[in-house]
Structures are given as C-alpha cells and as structure tokens.
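These notes are about the structure you will find just below.
Here is the naming used below: chain letters follow the sequence lines, and residue numbers restart at 1 for every chain.
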Amino acid sequence: MHPPTRLPADFYQNDDVVAVARDLLGNYLVTCFDGQVTSGRIVETEAYRAPEDKACHAYGNRRTKRTEVMFSAGGVAYIYLCYGIHHLFNVVTGPEGSAHAVLIRAVEPADNIPLMLERRKMQNLKPQLTAGPGVMSMALGIRTDWTGHDMTAPDSLIWIEDRNGSPNEHGIASGPRIGVGYAGECADWPWRFWIPGSPWVSKG
DNA sequence: CACGGGATCGTCT
DNA sequence: GACGATCCCGTGT
C-alpha cells in the first residue's frame, strides 16, 4: 500500500474516452479550496467524444471559446455553466488535439461532509447532497472559474486519486446518457456508467 | 410518484 | 433571441 496520489496524465490521455469513463468509477474526486479538502467516490460518469458524437459540445471538432479547452491533452478540467445556474464538471481526455471529455455526474461523499452540507445549505446527509452533476459541483465547491485547471500537476487544487475503491464483483452498469435527447441517434449510445446498487447515483 | 414550470446566464445563431 | 449534459418546488393523485 502507498498513499493515494493524483491519477497521472497518461491515465487521462487514453484516446478511448468510453474506457476512461468506466475506469474513473471508484476513484475519488478531491478539491482543496481555501485549505479545506472535500471529496467523494465517483459512482456515475458519462463519456462525450468529438468529432462524431452529436451530444458533445465539440461535435464536428467545432472550436469556440467555450470548447477550446476540450482540445487540450487529457487531464485538465472542463467546467461550463448549464441553465444559468449549474456548474458541470468534466475531465478532458485523450491526446492533445482530440476533444473528448468525461462528465462526472455523482459521487459518494467522503471527506469533510460538514463543509459539503454547508455549501449545499443542507442539514442532513442524503443522496441529494451529491447525486447529480450540478449539486455535486456545488458540494465540492467547483465553479466554472476552474475550467482549464491541470488536475495532474502536483500542486493542483482539484484532482482524482485512486484509493483502492474500484468497483467490485457487482461490476458496472451502463445506459443512455441523461438529457441528450436532441442528439439524434447518438442519444441512444450507452455511454453513461454507474455503480449498480449505489444509493449515491443520480435519479436521472 | 408523476408532472409542470421557474430560476438564471453564457454561448452561439 | 433561443436554448440548455439541471434542480427544486408546487400541484394533483
């Protein structure tokens, strides 16, 4: 056993974003803002893959101010505002020049649950603390300001680490992604992954 | 539990 | 000017 460390750049730079989305399950998403660590075990993810995926913001390798960060080498954060309110957190994957990303949709709360409850203005620990991409980001203190942050740097303030919490014999479940009905045939691709039976997975 | 609507703003047409 | 990779609250059953 060794102390947990940040997942390395080559984990993220795998070109197979669907495999990365699966492999992220069971790892811990950690933030350390203002000296305060908060974290959770990743239980639900979705893969988005340019250029062929119509649900991906970089569909057709479209480069805009917003999507430019998705073309970075894997390991940086891609965070955007959804419905004017929610800060949705993704990890860019693949080699530089490809625009793939994994949306982290839900975590099982781990470190510093009191601070996460405070950020969410909640009194008691319930799945709704972190089950869903918008509320998860709020609990971890993640905002769009952090888009482009290199999570593989040794002094990064957002990172993902392996604590030997990988999914066990119950395996991994998959199905269509949430909220992408506009994406034509791509809407049916089973690119959402979750740990079956976990109460911390979003309801969709 | 199923639904329906409002919140709220950056991004792209 | 329209529309979200969402969430929460209200209503009705």
Side-chain angles (χ1 to χ4, degrees), chain A residues 12 17-22 24-25 29 40 42-72 74 76-94 98-109 116-149 151 158 160 173-195 199-204:
Chain A
Y12 299 107
V17 63
V18 175
V20 175
R22 272 194 304 259
L24 280 170
L25 294 175
L29 175 59
I42 298 170
V43 296
E44 183 181 0
T45 61
E46 286 178 357
Y48 290 85
R49 182 180 177 92
E52 68 271 28
D53 175 12
K54 292 179 181 170
C56 181
H57 289 160
Y59 171 59
N61 283 336
R62 178 175 69 144
R63 283 180 186 260
T64 67
K65 189 165 188 177
R66 182 175 67 158
T67 65
E68 191 61 37
V69 68
M70 296 184 74
F71 292 84
S72 307
V76 308
Y78 169 49
I79 306 159
Y80 74 97
L81 191 64
C82 188
Y83 291 95
I85 303 174
H86 303 293
H87 299 246
L88 269 51
F89 175 81
N90 302 249
V91 196
V92 172
T93 73
S98 73
H100 312 151
V102 176
L103 172 68
I104 311 294
R105 290 190 51 89
V107 299
E108 173 179 345
M116 292 195 277
L117 286 169
E118 182 182 325
R119 286 172 174 153
R120 291 274 291 119
K121 300 182 178 16
M122 288 174 56
Q123 303 296 320
N124 304 112
L125 180 56
K126 291 177 284 192
Q128 75 188 51
L129 177 66
T130 52
V135 294
M136 181 205 78
S137 290
M138 182 178 289
L140 292 172
I142 294 171
R143 289 172 291 102
T144 55
D145 319 23
W146 292 97
T147 202
H149 190 61
M151 304 203 303
I158 307 173
I160 298 174
S174 64
R177 294 167 293 180
I178 303 295
V180 298
Y182 59 87
E185 72 279 9
C186 305
D188 299 326
W189 296 352
W191 283 8
R192 172 181 177 238
F193 301 97
W194 67 94
I195 296 181
W200 305 99
V201 172
S202 80
K203 305 298 175 275

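- Between the CE atom of A/Met122 and the C1' atom of C/dC8 there is a distance of 12 Å, given to the nearest Å.
- Following rounding to the nearest Å, A/Tyr59 (OH) and B/dC12 (P) show an atom-to-atom distance of 17 Å.
- Look at NZ on A/Lys121: it is 13 Å from P on C/dC9, rounded to the nearest Å.
- Using a 4.0 Å heavy-atom distance criterion, A/Arg62 is classed as a sugar-phosphate-only contact.
- The interatomic distance linking A/Tyr80 (OH) with C/dT6 (P) rounds to 6 Å, in whole Å.
- No more than 12 heavy-atom neighbours from other residues, nucleotides or ligands sit within 6.0 angstrom of CE on A/Met138.
- Here the closest non-hydrogen pair linking A/Arg120 and A/Gln128 is NH2-O, 2.8 Å.
- Against DNA chain B, the stretch residues 81-94 of chain A makes heavy-atom approaches under 4.0 Å through A/Leu81, A/Tyr83, A/Gly84, A/Ile85.
- Under the 4.5 Å side-chain criterion, counting only non-hydrogen atoms from C-beta, A/Pro133 is not in contact with A/Glu46.
- Between A/Val69 and A/Arg66, the shortest heavy-atom contact is CG1-O, 3.9 Å.
- For A/Thr67, taking side-chain heavy atoms from C-beta onward, the closest of the listed nucleotides B/dC12, C/dA5, C/dC8 is B/dC12.
- Of the residues in residues 176-185 of chain A, those with a non-hydrogen atom less than 4.0 angstrom from any atom of DNA chain C are A/Ile178, A/Gly179, A/Val180, A/Tyr182.
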- Message: Let's test your reading of the pairing rules: Watson-Crick or G-U wobble, both distances under 3.5 Å, then write DNA chain C as a dot-bracket string with ( ), [ ], | and dots.
- Response: ||||.|||||||.
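- Among the nucleotides C/dC8, C/dA5, B/dT11, the one closest to any side-chain atom of A/Tyr48 is C/dA5.
- For the residue pair A/Val102 and A/Val20, the shortest heavy atom distance occurs at CG2-CG1, 4.3 Å.
- For the pair A/Gly74 and A/Tyr12, the tightest heavy-atom approach, listed with the atom from each and the gap, is C-CB, 3.5 Å.
- Of all nucleotides listed (B/dC12, C/dA5, C/dC7), B/dC12 comes nearest to the side chain of A/Arg66.
- Taking atom CD1 of residue A/Ile142 and atom C1' of nucleotide C/dT6, one finds them 16 Å apart after rounding to whole Å.
- With the nearest nucleotide of DNA chain C identified for both A/Gln128 and A/Val102, A/Val102 has the one nearer the 5' end.
- Per the geometry, CE belonging to A/Met138 stands 12 Å off C1' belonging to B/dA7, to the nearest Å.
- Taking only side-chain nitrogens and oxygens, A/Arg63 never comes nearer than 4.0 Å to OP1 or OP2 of B/dT11.
- The CZ atom of A/Phe193 sits 11.5 Å away from atom CD of A/Glu44, with the distance rounded to the nearest 0.5 Å.
- A/Gly40 and A/Leu140 get closest at one heavy-atom pair: N-CD2, 4.5 Å.
- Between A/Ser174 and A/Arg22, the closest side-chain pair of non-hydrogen atoms is not below 4.5 Å.
- Scanning both residues, A/Val135 and A/Thr130, for their nearest heavy atoms gives CG2-C, 4.1 Å.
- In this pair, A/Trp146 and A/His149 present their aromatic rings perpendicular. The plane angle is above 60°, beyond the 30 to 60° band.
- Whole-Å rounding puts the A/Lys203 NZ to B/dC3 P distance at 18 Å.
- For the side-chain contact (heavy atoms from CB on, under 4.5 Å) criterion with A/Met136, the lone passing option out of A/Leu88, A/Ile42, A/Ile104 is A/Ile104.
- If you take CG of A/Leu103 and C1' of C/dT6, they are 11 Å apart, rounded to a whole angstrom.
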